[in-house]
Amino acid sequence: MLVKTLLCREGRDTGLRLMAIVFAAFALLSIATIVFPASVIILIFTLMSLPVVGLSAARRLIDANKTIKLAIVCLLPILIFGISAYFMAPFGALAGLFLFGLACGAYLSFLPSKNQIQYVLGYYGPNMVMGAAPSAMHRRQDPVLKGQFLPTSPDDAPVNELDHDSHDYAEQQKSVLQAVATSHSATEEDDHTVVTNTDSMHDEPYMHGHIDDKSDDDIFAINRERSHQPLYVDQDALKSGSITELAKSWINVAKSHQAKLILASKILAGIAVVCLVIYLVMQMVNAFSNSDDEGESQMTQGVIEPMSMTRQMVKLPDGFWLALEGDVLILRWLGDAGDAQNLWRLASAVGDKTCANLEFNDGSQFRPMTVDLVADGATEARFSPLDKTVMVNHVALRGNFKLCGYEFSLKGSQAALMQNSQFESLLSQ
């Protein structure tokens, strides 16, 4: 029965029921996003939630005597939330859509009803009437006098062995028939009264598949008057900490300030919409600026700046150079041809894998930060300042090293390094 009320197109929903359905839809999509990130299950749950939320919003609008086209106010946030969750949107954007969807549901929830009727779990409609009709059916039972048998013909009449007088027997039969007729007529009157009352109670507009405002006003006039009265709150239970009585007291306060609450909800919904629009605009601006920065970095990635004139360089006997540019140690050699480009970058681990490690003959290895083919045709490998002192001592004391497919001999390198004061100071450390 609950599923039928969720998919009903002609009933009515209270604002609290609509808010519960909207919140449940967003909660379901949030759980699906956490458990199944970037999965088609998120889209399936989104498609399942849309008709349930849309029909509930339509029933709420019918209850408020508004056009059902406003149901799009609740449908759009859920659709956008589901698509954004599928494409793994940032958490801030999803949280903003979540709050925006709740604000839209609150806007429809606070719309006043056109008349007050008796709801069942926040729902009023044909499924509720059809569910209650079988229990209210009256089953007629014909009366039977205990210990008596009503003959259908004179031949079937029982013979009294104690009284063979025909006149007495006729009087007995007449008395029995009169008693049965009297009881039967009284039962028919009672049945007629019950059936009439039952028909009047169940002569609802939903038996014809549509809503009749005039019938609702006639049937639920007393309920309309009672709905404006505050709920009874047991003060003793309230003082003892009863959650039910506390909720009743809050409902009474909300009823007394209904107009103010509706105005406040509209203001909060407007603020939420403005904040969401500002946030989305900022995200779009940041996305475009980041894409421009990435494009500029890609354009300048292949252009290597020429060698600085402030660096200290020492040429070693095997035809390569060791240079210091600030605290950065640079290994430079000739032998490659082509345009200026990046051959290896430690940060992205993209490029020529043979340039990923410089290995000395004793097995010690050092990772270059970048290896570039510069504009003058030389290849330069830059190393971290943390490796500067250790590498200079290895170049002076080891036999050879390999890098980018080349093998360099270090014979006579110590004498060459001692001729430069900066490298000499590094060797003495």
Side-chain angles (χ1 to χ4, degrees), residues 290-429:
N290 291 335
S291 62
D292 293 340
D293 294 339
E294 291 178 358
E296 292 178 0
S297 62
Q298 291 178 358
M299 293 176 61
T300 59
Q301 183 177 2
V303 179
I304 308 300
E305 296 181 357
M307 179 181 60
S308 175
M309 300 301 295
T310 59
R311 66 174 59 176
Q312 296 291 327
M313 293 183 60
V314 175
K315 185 174 182 180
L316 300 180
D318 200 22
F320 65 94
W321 291 264
L322 206 61
L324 282 174
E325 193 175 77
D327 290 332
V328 178
L329 181 66
I330 301 174
L331 182 65
R332 174 184 171 88
W333 72 91
L334 299 173
D336 293 327
D339 298 332
Q341 57 183 311
N342 177 256
L343 302 178
W344 168 259
R345 186 177 297 275
L346 179 61
S348 60
V350 175
D352 188 355
K353 300 298 183 182
T354 61
C355 300
N357 291 290
L358 183 150
E359 183 176 1
F360 288 94
N361 60 318
D362 65 341
S364 57
Q365 296 182 350
F366 298 88
R367 290 183 178 274
M369 295 186 297
T370 59
V371 179
D372 302 310
L373 180 61
V374 296
D376 61 359
T379 304
E380 293 185 354
R382 295 173 176 263
F383 294 87
S384 170
L386 299 175
D387 299 331
K388 175 181 62 176
T389 303
V390 179
M391 283 193 61
V392 170
N393 282 274
H394 274 67
V395 170
L397 301 177
R398 300 295 177 252
N400 60 69
F401 68 87
K402 297 178 181 179
L403 180 63
C404 296
Y406 293 93
E407 183 175 352
F408 299 94
S409 174
L410 298 175
K411 184 178 180 181
S413 58
Q414 183 176 4
L417 293 173
M418 292 296 291
Q419 296 177 5
N420 186 283
S421 59
Q422 291 191 8
F423 286 102
E424 182 182 5
S425 63
L426 291 175
L427 291 173
S428 61
Q429 294 180 2

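Only heavy atoms go into these numbers, but all of them, side chains included; no hydrogens, no water, no symmetry mates. Just so it is clear, the structure is predicted and the values come from calculations on it, not from any experiment.
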In the structure I gave you, are the side-chain heavy atoms of Leu358 and Met391 within less than 4.5 Å of one another anywhere? yes

Heavy-atom check, side chain of Leu316 versus side chain of Leu417, under 4.5 Å: yes

Say whether, by atom type as modelled, one donor and one acceptor occur between the side chain of Asn361 and the main chain of Gly399 under 3.5 angstrom. yes

Does Lys388 reach the side chain of Leu426, with side-chain heavy atoms less than 4.5 Å apart? yes

Here the gap from Thr389 atom OG1 to Phe423 atom CZ, rounded to the nearest 0.5 Å, amounts to 11.0 Å

Going by the angle between their ring planes, with limits at 30° and 60°, are Phe360 and His394 parallel, tilted or perpendicular? tilted

Kindly give the heavy-atom pair with the smallest separation between Ala381 and Val371, and that separation in Å. CB-CG2, 4.0 Å

From Arg382 CZ over to Arg332 CZ, what is the distance, rounded to the nearest 0.5 angstrom? 10.5 Å

Given side chains that start at C-beta, do those of Asn393 and Leu427 come closer than 4.5 Å, heavy atoms only? yes

Contact summary for Pro385 and Val328, nearest pair of heavy atoms: CG-CG2, 4.4 Å

Could you list the residues that satisfy ring pair (Phe, Tyr, Trp, His ring centres under 6.0 Å) with Phe320, not counting sequence neighbours? Phe401, Phe408

Which heavy atom of Ala340 sits nearest to which heavy atom of Ala375, and what is that distance? CB-N, 4.1 Å

Do the side chains of Val350 and Arg345 get nearer than 4.5 Å, heavy atoms only? no

Pairs satisfying disulfide (SG to SG under 2.5 Å), at least one member in residues 346-427, at least two apart: Cys355-Cys404

For the CZ atom of Phe366 and the CG atom of Leu329, what is their distance to the nearest 0.5 Å? 10.0 Å

Could you pull out all residues at least two apart from Ala323 that satisfy side chain to side chain contact (heavy atoms under 4.5 Å, CB included)? Arg311, Met313, Ile330

According to salt bridge (charged side-chain N to carboxylate O under 4.0 Å, His left out), does anything in residues 411-429 pair up with another residue at least two apart or in another chain? List the pairs. none

When rounded to the nearest 0.5 Å, the distance separating CD of Gln365 from CG of Asn357 is 4.5 Å

With disulfide (SG to SG under 2.5 Å) as the rule and sequence neighbours excluded, what pairs involving residues 361-399 come up? none

Atom pair CZ/OG1 of Phe383 and Thr370 - distance to nearest 0.5 Å: 9.5 Å

Where at least one partner belongs to residues 350-363, residue pairs that pass salt bridge (charged side-chain N to carboxylate O under 4.0 Å, His left out), sequence neighbours excluded: Asp362-Arg398

N/O donor-acceptor pair under 3.5 Å between Ser413 side chain and Val395 backbone: yes

Nearest 0.5 Å, please: how far is CG in Asp372 from CG in Leu343? 6.5 Å

